Each structure stands twice: as structure tokens, then as C-alpha cells.
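I have placed the structure first, in the form of C-alpha cells, so that the comments after it can refer back to it.
So that the names make sense, note that chain A is the first sequence line, chain B the second, and so on, each numbered from 1. A quick note: this is a predicted structure, and the numbers were derived from the prediction, not measured.
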There are 2 protein chains.
Amino acid sequence: MGVTINDVAKAAGVSASTVSRVLSDSPRISKKTKMKVRKVIEELEYYPNFIARSLASNSTNTIGLVLCTEAHYLIHNSFFIQAMTGISTYAQENGYNVMYAFNKNEEEDLNIAIKYVSSKSVDGIILFASRVNDKCISYLKKEGFPFSVIGRPDETDGVLWVDNDNFQATYQVTDYLIRDGHTNIAFIGGPAGFNVSKDRFEGFKRSMYVHGLDINESFIFLDGDFSSEFGYECMKKLLENESQSLPTAVVTCDDMQALGVLNALSEKGIDNIAVTGFNNNLLPGINRGAKFTSVDVNAYKLGYYAAKVLIDNILGKEGTPTHYIVPTSLAENKL
Amino acid sequence: MGVTINDVAKAAGVSASTVSRVLSDSPRISKKTKMKVRKVIEELEYYPNFIARSLASNSTNTIGLVLCTEAHYLIHNSFFIQAMTGISTYAQENGYNVMYAFNKNEEEDLNIAIKYVSSKSVDGIILFASRVNDKCISYLKKEGFPFSVIGRPDETDGVLWVDNDNFQATYQVTDYLIRDGHTNIAFIGGPAGFNVSKDRFEGFKRSMYVHGLDINESFIFLDGDFSSEFGYECMKKLLENESQSLPTAVVTCDDMQALGVLNALSEKGIDNIAVTGFNNNLLPGINRGAKFTSVDVNAYKLGYYAAKVLIDNILGKEGTPTHYIVPTSLAENKL
DNA sequence: ATGAAAGCGCTAACAG
DNA sequence: CTGTTAGCGCTTTCAT
């Protein structure tokens with residue numbers, strides 16, 4: 001069982017190293033020999049042993065994914081699977097395998113990273129989402145191990161990363177609302193201490209500013225989380241504040257938040273307030289007619305480029321950028 | 001860079017083979033030596049090289065996932081990611097890595113399987129969903145390569161698999177509706193040629209039969225697909241058929257089908273027909289008040305047990321079953 | 001209970 | 001352009 005490089009060499013009347021060179025298409029082998037060897041490879045249905053190859057060449061042609069997330073979060077968020085598909089695509093295009101491991105917290109994440117690095121099972125690592133003071137990032141930097149990050153890290157110096165332009169994203173969606181005639185716009189932001197939260201808020205403010213619109217402080221909700229509960233609460237507060245009129249539009253930073261807002265509105269029978277979300281995850285069709293705009297972060301591409309920036313770097317390709325900005329787009333849905 | 005087994009051996013004053021035996025906790029090594037070696041391992045922060053280990057032991061401790069799906073399908077279906085999480089969990093518990101590759105069709109699936117097997121990159125394979133006359137299954141059987149399948153295959157002989165009891169699932173949900181007072185129930189089935197479609201229909205029929213209810217032939221829609229479009233069309237037909245009254249409940253085989261049905265109903269302003277789905281994927285909350293029942297297939301557990309049945313088998317554990325039936329449950333949601 | 005030695009299947013200097 | 005010779009880091013008989 002299992003035909004080896006030696007079997008091929010013997011059958012083709014050459015040495016094993018010649019076969020090895022044919023496999024890597026070395027320019028120092030004559031066309032004739034290549035043809036001959038390739039024919040034998042076909043006939044014998046020879047496949048190089050992946051493991052032996054890795055050991056000898058000191059590279060695994062595999063990248064590892066460190067995914068930190070609560071299981072329940074996955075159910076209604078296609079971000080991960082889409083990004084994983086993008087990663088798989090670029091990896092396959094370049095002959096790389098992809099390993100993954102789901103973890104529950106930062107410590108487990110770090111342990112997996114350490115395991116990947118120390119046992120030399122992968123050539124590079126992709127981190128999903130960067131924390132403030134991310135331990136995995138510090139570790140990998142210290143080790144000098146190749147890795148890329150989805151989501152711009154605190155300190156971009158010497159790290160490979162991909163991200164959306166979050167500033168641009170909320171700028172765009174706010175601009176869209178304003179052009180649609182809205183002037184009283186509320187904003188519901190993401191959790192404290194994340195760059196993504198900060199950037200999205202800045203984009204919102206900028207767009208308001210550029211259009212010469214005032215920001216009503218009581219329309220701004222920061223430092224919450226991405227849950228529908230938070231969205232619901234914020235909208236409740238807006239509805240209960242009788243000292244002033246309601247906004248005509250609400251910019252949120254996540255579809256779940258938007259869902260909470262929509263719920264709060266639907267309880268009051270209000271359907272003339274525009275709501276926007278992030279991630280383009282909501283199912284179309286449940287409530288025909290309700291228009292809903294979401295910022296599509298293009299998770300597939302984020303994954304694809306996270307793999308690209310990492311693999312290109314590992315392969316030492318010339319002139320590879322250290323990061324990619326994946327554009328967002330506005331998605332119109334009917335809910 | 002990289003401390004090897006020899007460094008440990010030297011530092012501990014033993015041979016490399018002794019260190020190797022300590023690593024695998026061989027009973028033939030004295031407690032004393034074990035302690036001594038382990039201490040050195042700690043001090044030197046030695047991690048066995050995964051690749052070298054694989055080559056020498058002729059096993060990779062890695063399993064490969066063959067995932068066939070259209071990208072767009074992933075966006076609103078958390079089945080894959082949940083199953084992958086379950087797989088990752090059992091794999092990690094047993095020291096296995098997991099590789100995955102997304103493919104677009106059966107041919108690509110087969111190619112990946114062949115690559116995994118021939119290049120010896122994995123010890124076993126998990127197939128997502130079995131086709132009629134599945135080429136991957138035939139291939140893996142022919143090769144005698146360990147694999148497990150999520151979804152009962154045509155021919156279960158000598159294959160490891162996990163699945164829900166699909167018969168039981170529709171039996172249960174139909175029973176639930178009948179106990180709720182429904183007697184005129186429509187059924188929208190899955191694609192032709194899949195066991196899952198057949199079983200689900202049988203479960204529905206059985207429940208109706210047990211309760212002494214007649215099945216109205218014009219209420220039955222088979223051999224469609226799992227899309228919302230199909231659900232929409234079927235409901236349309238029911239609504240347009242003026243020669244008879246409407247059902248009071250509709251059992252569908254997928255949440256997307258259910259969504260299509262709900263859309264068709266909402267267009268007519270009908271909200272008193274119960275609709276049930278499968279997979280428990282729909283977002284709660286959009287339309288407060290609309291009750292929606294879905295069969296939760298427990299994708300996490302399907303993945304977990306697919307990994308278990310495979311890994312236990314590879315490890316040659318005694319008395320491992322050849323398959324697992326993962327129970328479904330009814331999930332009540334508000335849409 | 002431990003060590004010596006062979007070898008897993010391949011790559012990569014080094015020769016020629 | 002091709003062959004020879006060493007390993008890569010570990011496991012595993014076979015001795016002792």
C-alpha cells in the first residue's frame with residue numbers, strides 16, 4: 001500500500017531527487033525527463049506524502065484559524081462561516097490546507113495558538129477579531145510567527161491585517177439617510193474599547209458634520225453591546241423621552257441591535273422610522289414591505305484577503321501589502 | 001530554534017527513545033525517570049514536533065471535513081457552522097486537529113477526498129450530507145479509508161454515520177399540531193431522492209394515521225427543494241385552489257420553505273394558519289407575536305457525534321457504535 | 001527498564 | 001542536468 005517516491009524513481013529509471021525536482025517543477029530538469037517521470041507518476045497513481053514533505057521541507061502548507069466565539073453567537077451570525085469560506089478559497093488556490101479550532105475565551109485562544117506554533121503544525125495563523133491588548137497578538141509577535149488578523153489591531157506595526165473601513169461604512173450609511181431627507185438621526189454604537197466602535201461613531205459624526213447637521217446628544221448611545229437587547233433598550237429610551245421629538249432614522253452597528261430597535265418600534269406600531277444595521281444577516285421576507293438597510297461587511301472577502309496577506313507573506317511574494325481594506329456596501333432588504 | 005527530543009534526552013541524561021516513551025506515558029518507564037524527564041520537558045519548554053510524530057507513527061491525528069455547499073446557502077443556514085463547532089469540540093477533547101475545505105460540487109468534493117487520502121494528510125474524513133449514489137462514499141469505501149457521514153447514507157453497511165430521526169421529527173411536530181386541535185394539515189416536503197425527504201414524509205403520514213386523520217392529497221407537496229421560493233409557490237397553490245378550504249396548519253421541511261409560506265400568507269393578510277419549519281434558523285423578534293415552531297436538528301450534536309463515531313473508530317475503541325441518532329426537539333419562536 | 005539503530009518519505013546541499 | 005548522501009524529528013523493533 002502506498003507508492004512512494006522511490007517506487008516512482010525506480011520505475012522511471014531515475015533517482016528520487018530527480019522525481020522530487022520534477023514534482024516541484026525545477027527548471028534544472030530536462031523536458032524529456034520530466035515527461036518520462038510524470039508518465040510514471042500517472043501510471044503508478046503516485047501522490048507525494050504530505051507529512052514527509054512537510055518534515056523534510058520544514059513547512060506544513062497549512063494555516064491555522066483561531067476562532068473565539070460563544071456558540072450561541074454563531075447561530076445568527078454568518079460572519080464566521082463566510083470568512084472561513086473565503087479563507088478556504090484562497091488557501092486552496094495556493095495549495096494550503098486550513099485547520100480551525102473554536103475556543104471559548106482568550107485563554108483558550110492563546111493555548112491553541114501556542115499549540116499550533118510550538119508543535120509546528122501550521123505555517124501561519126489567522127486571528128478572528130483583535131482584542132484590546134490581545135494576548136495572541138503579543139505572543140505571536142514575540143515568537144515572530146507569521147499571522148494575520150481580521151480586524152485592525154491596536155498596534156498595526158509589523159502585523160498583517162484586514163478590515164473594513166468602518167469609518168467609511170457609517171459615513172456612507174449616514175450620508176445615505178441624509179440624502180433621503182433625514183436630519184434627526186440617532187446612533188447606537190458598539191462596545192467600549194474596540195477600534196471598530198470608535199471608527200463607526202466617528203464616521204457617523206463626520207457625515208453629520210459634513211452635511212451641517214447637529215447631533216442631538218440624547219440620540220447617541222455608546223458603549224453598549226451588539227445585542228438586540230441593547231438596541232431594544234436604546235429605542236425604548238428614545239420612545240419614553242417625552243421632552244423631545246423622535247429621530248426619523250436610527251443608525252445601528254449591528255443587525256441584532258437593529259432587530260431590537262425594530263421590535264421596540266413595532267410594539268408601538270411605529271413603522272415610519274428608518275433603521276440601518278450591520279452585517280447583512282437578517283432574513284429577508286418575514287415581514288414583506290419593511291425596508292431595511294444593512295452595511296454588508298463582505299465577510300467572504302475579509303477572509304479571502306486575510307488568507308492572502310498571510311500566505312503571500314509566508315511565500316515571500318514581492319511587494320505584498322501588509323493589510324487590505326475591504327470595502328463595505330449597502331444592502332437593501334425587505335424584512 | 002526549536003528544542004528537539006534529543007535536547008531533552010541529553011539534558012535528562014537518557015536516550016531519545018526514553019523521552020519518546022515518557023511522552024506516550026509508556027508503562028515500561030520507571031516513575032522516577034518519568035518525573036525526571038517531565039521536569040526537563042517543562043524547563044526546556046519542549047513541544048513534540050507534530051509533523052515528525054505523524055511521519056514516524058504513520059498517523060496525522062487530523063480529520064478532514066468535506067463540505068459541499070453553495071456560498072449563498074451558508075448565509076442563512078447555521079447548520080454548517082454549528083456542526084463544525086461540534087466536530088471541533090470532540091476533536092480537541094481527543095487531541096485531534098480538524099481541516100476543512102469548502103467545495104462547490106460533487107466532483108470537487110471527490111477531489112478533496114482523494115487528495116486527503118492519497119497525500120495521507122488526514123486519518124479520517126467527515127462527509128457533510130450524503131448524496132444518492134454518493135461518489136465520495138463509494139471512493140472511501142473502496143479505499144477502506146475511515147470516514148463518517150452526517151446524514152444517513154443509502155447503504156449503511158460498513159459505514160459510520162449520524163443523523164436525526166427524521167421520521168420521528170415530523171411525527172412529533174405533526175402530533176404537536178394535532179394535539180393543538182388541527183386536523184387539516186398540509187405538508188411540504190424536501191427534494192426527491194433523499195432519504196431525509198422520504199423519512200420526513202413518512203413521519204407526517206404516520207402521525208396523521210395514528211390520530212385517524214385523512215390526508216388530503218391536494219395538501220401534499222413533494223419533490224421540491226428547501227427554498228423559500230418553493231414554500232411560497234406551494235402556499236400560493238393552496239390559496240388559489242378555490243374548490244376547497246384551506247388547511248389550518250402547514251408542516252414544512254425547512255425554515256426557508258416556512259418563510260416562503262409565511263410570505264404568501266402575509267400577502268393575503270392571513271395570520272391564523274400555523275406553520276412549522278426545520279433547523280430553527282429564523283431570527284426571533286422581527287414580528288413580535290407571530291408564533292413559529294421549528295424542529296431543531298441539533299447540528300452541534302450531529303457534528304459532535306460525527307467526530308466521535310469516527311475518532312473512536314480510528315482509535316479502535318471497544319464497543320463503539322457505528323452510528324448515532326441525535327434527537328430533534330421542538331423550538332418555539334416568536335418571529 | 002532503558003538504549004541503539006533503523007527508518008517513516010521526502011527535500012536539499014553537494015558533487016559531478 | 002542528474003545522482004549521492006544526509007538529514008528533518010520522531011517512533012519502534014530489537015537488544016540488553
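In this structure A:F79 satisfies the ring pair (Phe, Tyr, Trp, His ring centres under 6.0 Å) test with no other residue, sequence neighbours excluded. For B:D25, the salt bridge (charged side-chain N to carboxylate O under 4.0 Å, His left out) criterion is met by B:K34, B:R38, not counting sequence neighbours. Listed by chain and number, the residues in a salt bridge (charged side-chain N to carboxylate O under 4.0 Å, His left out) with A:K10 amount to none (sequence neighbours excluded). Every residue two or more places apart in sequence or in another chain that forms a salt bridge (charged side-chain N to carboxylate O under 4.0 Å, His left out) with A:K317 is listed here: A:D312. Judged as a ring pair (Phe, Tyr, Trp, His ring centres under 6.0 Å), and not counting sequence neighbours, the contacts of A:Y304 are A:Y90. Applying the ring pair (Phe, Tyr, Trp, His ring centres under 6.0 Å) test to A:Y324 and every residue at least two apart in sequence or in another chain returns A:Y305.
The side chain of B:Y47 contributes no N or O atom lying less than 4.0 Å from OP1 or OP2 of D:dC10.
Contacts classified as side chain to side chain donor-acceptor pair (under 3.5 Å) and involving residues 44-54 of chain A (residues at least two apart or in different chains) are not found.
Using a 4.0 Å heavy-atom criterion, one finds that B:Y46 contacts the sugar-phosphate atoms exclusively.
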Look for any protein N or O under 3.5 Å of an N or O in nucleotides 2-5 of chain D and output each such pair with its distance, or none.
unit_1 : atom_1 : unit_2 : atom_2 : d
D:dT2  : OP1    : A:S30  : OG     : 3.2
D:dT2  : OP1    : A:T33  : OG1    : 2.3
D:dT2  : OP2    : A:S30  : N      : 2.8
D:dT2  : OP2    : A:S30  : OG     : 3.4
D:dT2  : OP2    : A:T33  : OG1    : 3.1
D:dT2  : O4     : A:R28  : NH2    : 3.2
D:dG3  : OP2    : A:S15  : N      : 3.0
D:dG3  : OP2    : A:S15  : OG     : 3.2
D:dG3  : OP2    : A:T18  : OG1    : 2.4
D:dG3  : N7     : A:R21  : NH1    : 3.3
D:dG3  : O6     : A:R21  : NH2    : 2.4
D:dT4  : O4     : A:S17  : OG     : 3.2

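Remark on the helix from C:dA1-D:dT16 to C:dG16-D:dC1: inter-end axis angle 30°, axes from five-pair C1' superpositions, rounded to 10°.
Between A:F147 and A:F145, the gap from one ring centroid to the other reaches at least 6.0 Å.
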